[in-house]
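Just follow the structure's listing: the first ligand is 1, and inside any ligand the first atom is 1. Only heavy atoms go into these numbers, but all of them, side chains included; no hydrogens, no water, no symmetry mates.
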Amino acid sequence: MEQLLQQIDGYKKEIATYDEGDAETFRIRWLGTKGLVKTIMGEMKNVAPEQKKEAGQLLNEFKLFAEQRYEELKAVSANSKSIQPQAGQNSKPDLTLPGDPTPLGSRHPISLVKNQVVRIFQRLGFAVAEGPEIEDDWHNFTALNLPDNHPARDMQDTFYISQNPDWLLRTHTSNVQVREMEKGKLPVRIICPGRVYRNETISARAHCFFHQVEGLYIAENVSFADLKQTLYFFVQEMFGATVKIRFRPSYFPFTEPSAEMDISCLICNGEGCSVCKKTGWVEILGCGMVHPNVLDNCGIDSNKYTGFAFGMGIERITMLKYQIKDLRLFSENDQRFLKQFTSAV
Ligand code: PHE
């Protein structure tokens, strides 16, 4: 045992003297088929039976020690390969060689467009607000004038969380608007970007998750004219000065009056094509004046304050902007698709 201990001690000292670049020499002397680790393991047969357990442990530890050192040397030499001198050259490594380039990724088209939308509204004084994707029934539905069993709940087919029937995956980012209104700080002027979920069959035009930016402005004397002007500004910034808009009356439980906004088709300039289904217009968002019930539900005096809200799907705007025909491309992570969006915005 004594001898074995001494020998291992000597070996460890020698192992410590190896330098980067020595990995292969190290392997041959220590770990090869005729290497010293194998040889010293063979010493087991000379150890007295009552000491075999202890010696076995000792030798195993040593073996692991040598193997670990080899891994370290290998890693170091792999890293420093580019600065190792070439055979026949001056023996000093060339430290002036350029480093290995780190390839830069590109932003996802959804992030690009979302950031662009957010920045336009920020310039108008809107602040970004975010909230949970797993939400309770109150913040996603009830507070928004969608009480239990209200038929309008059918408009948004929902994923519920089986552990708790009160929990669901939010179907829009309006839940964030409710949370902000409940804080009671007025005026409220926010945009809420985020991911939302609906129980839809996946196809080229629908997915079970997508992204929205919703907006909310509540103060005294906010009118539908403010809503129109805000959205008009947004469209001109986003799509260019020549794009036209129109509002169509619509229904949302949380706004009254409600409207949907169309823009003149970017593909055919309003002439009529397959994207706009020959109408010359494409719908891009829903909007309206916040329903007094919603204000009351969130503790805001609906006699004193009014507000507008709007919500748009980022996928839809991205598809229009880049003429993408299939929604599934956004979540398939196909590099050939993603590499086409190289802007760093
Ligand atoms: N929350 C609505 C939706 O997801 C969009 C919307 C927001 C409509 C605000 C009107 C006002 O469909």
message = Can you confirm if the NZ or CZ of Lys12 lies within 45° of the ring axis of Phe62 and under 6.0 Å from the centre of its six-membered ring?
response =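 Geometry flag: not set, cation outside 6.0 Å or 45°.
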
Side-chain touch Met261/Met312, heavy atoms, less than 4.5 angstrom =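 Answer no - side chains too far apart.
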
query = Tell me, do Glu67 and Leu31 make a side-chain contact under 4.5 Å, heavy atoms counted?
reply =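 Yes. Closest side-chain heavy atoms under 4.5 Å.
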
key: salt bridge (Lys or Arg N to Asp or Glu O under 4.0 Å) contacts in which one or both residues fall within residues 190-212, not counting sequence neighbours   =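 Pairs touching residues 190-212 that pass the test: none.
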
query = Testing Thr173, Thr171, Asn175 for side chain to side chain donor-acceptor pair (under 3.5 Å) with Glu135, which one passes?
reply =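 Single pass found, and it is Asn175.
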
key: Test item: side-chain donor near acceptor, Ser174 and Arg179, under 3.5 Å   =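 Note: Ser174 and Arg179 side chains miss the donor-acceptor criterion.
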
Report every pair formed by an N or O atom of ligand 1 and a protein N or O atom separated by less than 3.5 Å, giving atom names and the distance to 0.1 Å.
unit_1	atom_1	unit_2	atom_2	d
ligand 1	1 (N)	His172	ND1	3.0
ligand 1	1 (N)	Ser174	OG	3.3
ligand 1	1 (N)	Glu214	OE2	2.7
ligand 1	4 (O)	Arg198	NH2	3.0
ligand 1	4 (O)	Gln212	NE2	2.8

